[in-house]
Each structure stands twice: as C-alpha cells, then as structure tokens.
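These notes are about the structure you will find just below.
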Amino acid sequence: MPTTADRRHLFSDLPALEAADAGAIERCLDALWAERGLAKATLAAYGTDLELLARWLRQARGHALIAAGREDLFDYLALRARAGYSPRSGARLLASLHAFYGHAVREGLRPDDPASLLQAPKLPRLLPKALSEAQVSALLEAPDGTDPLGQRDRTMLELMYAAGLRVSELVGLPATALNLRQGALRVTGKGGKERLVPLGDESRHWLERYLRTSRPALLGNSPEVAALFVAPGGGALSRQAFWALVKRHAATAGIDPARISPHGLRHSFATHLLNHGADLRSLQMLLGHESLSTTQIYTLVARDRLRHLHALHHPRA
C-alpha cells in the first residue's frame, strides 16, 4: 500500500515549472477568480494541481500544459491512482482540469477540451461530525474565563458555535465586522460573499467582555490591529493556532480530540438548529451556502437523530 512518503517521492524529481506553464496557470486562476469568485484556498489548490501536472508533462511527454491530450490526462490520472491518491483528491484534480481546459477553449487557445470526457469518481457522502449539546456546553466552559487568553478562547468558541462560522471566517474577522448594538456580525465567506449573522445573548456577553478587558490586555502597547481576535503582542491568530487551542480545550472538557473535526462547532450549530426546528432555507442563509443542496446534508444528520429517538422511545420500534 503506497504511503504519503511514496506519493511525495513520486513527484520529487520533476523539473521546475516552465515560465510558459506558470503564465497559463496564473491567467486561468485570475479568470476563475473574476468570473466565479472562487475562494483563495480553492484557487491555491487548483494551482498546485495544475503545476504538478505541467511539470510531469514536461518530463514524461515533453510538451506544455496547454498542449496536453486526452491520453496524457488519462495516463496522469492512472499514475496518481496507482500511487494511492484518494478519490477526493482525484475529484479536485478533475475540477482543476475542467477549469483550466475549459478556460483555454473559451479563450481560443486550443480547439478542444481534453478533459471533457473525464468523470470524477463517486465520493461517499460523509456526514458532518457534530457534538452533542452537552459536549458543546462542556467545550465552551473549558477555557479559564479569568485570564485574557481564556476569555479570548471562550469568546471565539462561543462565537463560532453561535454564528456557525468556518474556521477561516472566524480567525479572519476584522473588529469592524462586529455590531454589538444591533447584535449582528458581518461575515465574508467563500468567494468574498458577505452575509449578516445574528448574535445570541451569550456570545454578545462574551464579546463585550473580551473587547472591554481581554483584547486590550493582549494587545498591550502594540499598535492597534484590524483583526478581532489577537494573540499576545497583537498578532492575528492563524487557523492552525485556533485548531490547537480547540484540541486543548476539548481534552480539558473530557472530549476525545479526534471526535472534533476542523468545522465541528459549525456542524454542531447546523445540526442543533435543525433538531430544534429550523428550516433549511434559513440554515442555508446562516451558513452562507451558495446552493441548498450543500445544506441538505444536515438533514441526514437530523434524520439519524429522529431514527434514534424513535427506536429509543416508540413502544413498537
């Protein structure tokens, strides 16, 4: 069974990216950003996929990325499959290929799309990992609310759960996005799309406390920074730093850190809202999903909960 190290070694000896290929990829990504408003992380992933393919094509076939044929793409996909890349990774690569060669055809750079007949593998529909309401309460109460770092952590956890934020949205919040008087938060989501999210009393309480005492203490004498949540000395928090503190507080709360996914509190927010009677359209707006079909996966979670309750309480279940 190929390992991660084997996969890294597979592409370790590829030549450097040619300037012509780099330019073609950059122009495609710029067009995708302008036309489809794709998120930076998505564009970066597409760029990585296309760069690896371009370097492999130069070594194995001796021609540019723009000149690849259908057989080249089939062979490259087969190579990755033998190396043990996951179906999800393959699906993302295919999305990158469709985007790049579709753009090339629209721009008149080539007459045909060699990726047109390539189909993405069927992916299992994974249910989000949601915590129980009792587990969420334990996690929220885990930070020490008597010191600045503990107050900051408690505030971030409260806000993530109250507003259903993505990790990147939470750590990227500017202080100006918050309107405590109106009890609302302006969130910039994927593709730069904005949404207004209402705040509950508990999250407002912790935000007021954090802004009044903890944030000034963490900033100290450093210049004011734009980020709402800051590290000691004034630096903005990274996603990795936030995730480390979530794992730490989960352990304190007696929750197996492996039970918490990167978006565990967001998934819990959605699942708990559905369990308490929220409708899908409202949930779609709160989560910032472009398509309702993305939101509908949470109905599977709620359906499992109903099935469990029925089995537990119905006399003839």
Side-chain angles (χ1 to χ4, degrees), residues 1-127 168 190-192 261-262 289-291 293-294 296-297:
M1 185 72 178
T3 65
T4 302
D6 293 332
R7 289 190 286 275
R8 277 199 296 265
H9 180 71
L10 181 67
F11 296 111
S12 61
D13 297 327
L14 292 178
L17 185 68
E18 295 274 346
D21 291 331
I25 293 170
E26 184 177 359
R27 287 188 292 274
C28 171
L29 297 181
D30 286 345
L32 290 175
W33 176 82
E35 295 166 8
R36 293 163 53 181
L38 294 184
K40 287 182 180 179
T42 302
L43 293 172
Y46 281 14
T48 300
D49 287 341
L50 293 169
E51 286 175 17
L52 275 178
L53 172 59
R55 293 166 60 199
W56 178 83
L57 283 168
R58 291 286 184 178
Q59 183 186 70
R61 301 298 158 88
H63 56 64
L65 177 64
I66 197 69
R70 186 169 297 147
E71 185 178 345
D72 296 327
L73 301 185
F74 271 123
D75 289 347
Y76 183 69
L77 290 168
L79 174 69
R80 285 172 52 98
R82 290 194 298 273
Y85 280 87
S86 69
R88 197 166 297 278
S89 173
R92 192 192 73 185
L93 172 60
L94 282 172
S96 307
L97 298 180
H98 288 307
F100 180 81
Y101 291 108
H103 168 74
V105 171
R106 288 193 300 275
E107 293 296 308
L109 301 176
R110 58 177 296 156
D112 63 324
D113 178 355
S116 60
L117 296 182
L118 300 179
Q119 293 185 347
K122 288 208 169 188
L123 299 178
R125 198 167 192 187
L126 301 177
L127 295 181
S168 56
K190 288 186 175 181
S261 68
H289 287 160
E290 186 173 356
S291 169
S293 63
T294 308
Q296 283 174 332
I297 191 171

Kindly indicate, with the supporting measurements, whether the criterion side chain to side chain contact (heavy atoms under 4.5 Å, CB included) is fulfilled by Leu53 and Leu73. CA-CA 9 Å; Leu53 172 59; Leu73 301 185; 3.8 Å; yes
Rounded at 0.5 Å granularity, tell me how far CG in Leu29 sits from CZ in Phe100. 9.0 Å
Inter-residue atom distance Trp56.CH2 - Leu79.CG, 0.5 Å rounding: 6.5 Å
Closest heavy-atom pair, Leu17 versus Glu51, reported as atoms and distance to 0.1 Å, is CD2-CG, 3.8 Å
Checking side chain to side chain contact (heavy atoms under 4.5 Å, CB included) for the pair Tyr101/Leu65: CA distance, chi angles, key distance, verdict? CA-CA 9 Å; Tyr101 291 108; Leu65 177 64; 3.4 Å; yes
Whether over 12 other heavy atoms sit under 6.0 Å from Gln59 CD: yes
From CZ (Arg88) to CG (Leu93), nearest 0.5 Å: 14.5 Å
Does the Asp49 side chain pair with the main chain of Tyr46, one donor and one acceptor, at a distance under 3.5 Å? no
Value for CG (Leu118) from OH (Tyr76), rounded to nearest 0.5 Å, stands at 13.0 Å
Taking the side chain from Asp112 and the backbone from Pro114, do they hold a donor-acceptor pair closer than 3.5 Å? no
Return yes if some donor-acceptor pair links the side-chain N/O of Arg110 with the main-chain N/O of Ala68 below 3.5 Å, else return no. yes
Minimum heavy-atom distance between Arg58 and Ala64, given as atom pair plus value: NH2-CB, 3.4 Å
What's the spacing between Thr42 OG1 and Arg36 CZ if we round to 0.5 Å? 9.5 Å
Heavy-atom pair with the smallest gap, counting every atom of Ala16 and Arg55: C-CG, 4.2 Å
Which pair of non-hydrogen atoms, one from His98 and one from Ala115, has the smallest distance, and what is that distance? CE1-O, 2.7 Å
Determine the minimum heavy-atom distance between Asp113 and Arg70, stating which atoms define it. O-NH2, 3.9 Å
Applying side chain to side chain contact (heavy atoms under 4.5 Å, CB included), run through His103 and Leu32 and close with a yes or a no. CA-CA 8 Å; His103 168 74; Leu32 290 175; 5.9 Å; no
At what distance, to the nearest 0.5 angstrom, does CG of Asp30 lie from CD1 of Ile25? 12.0 Å
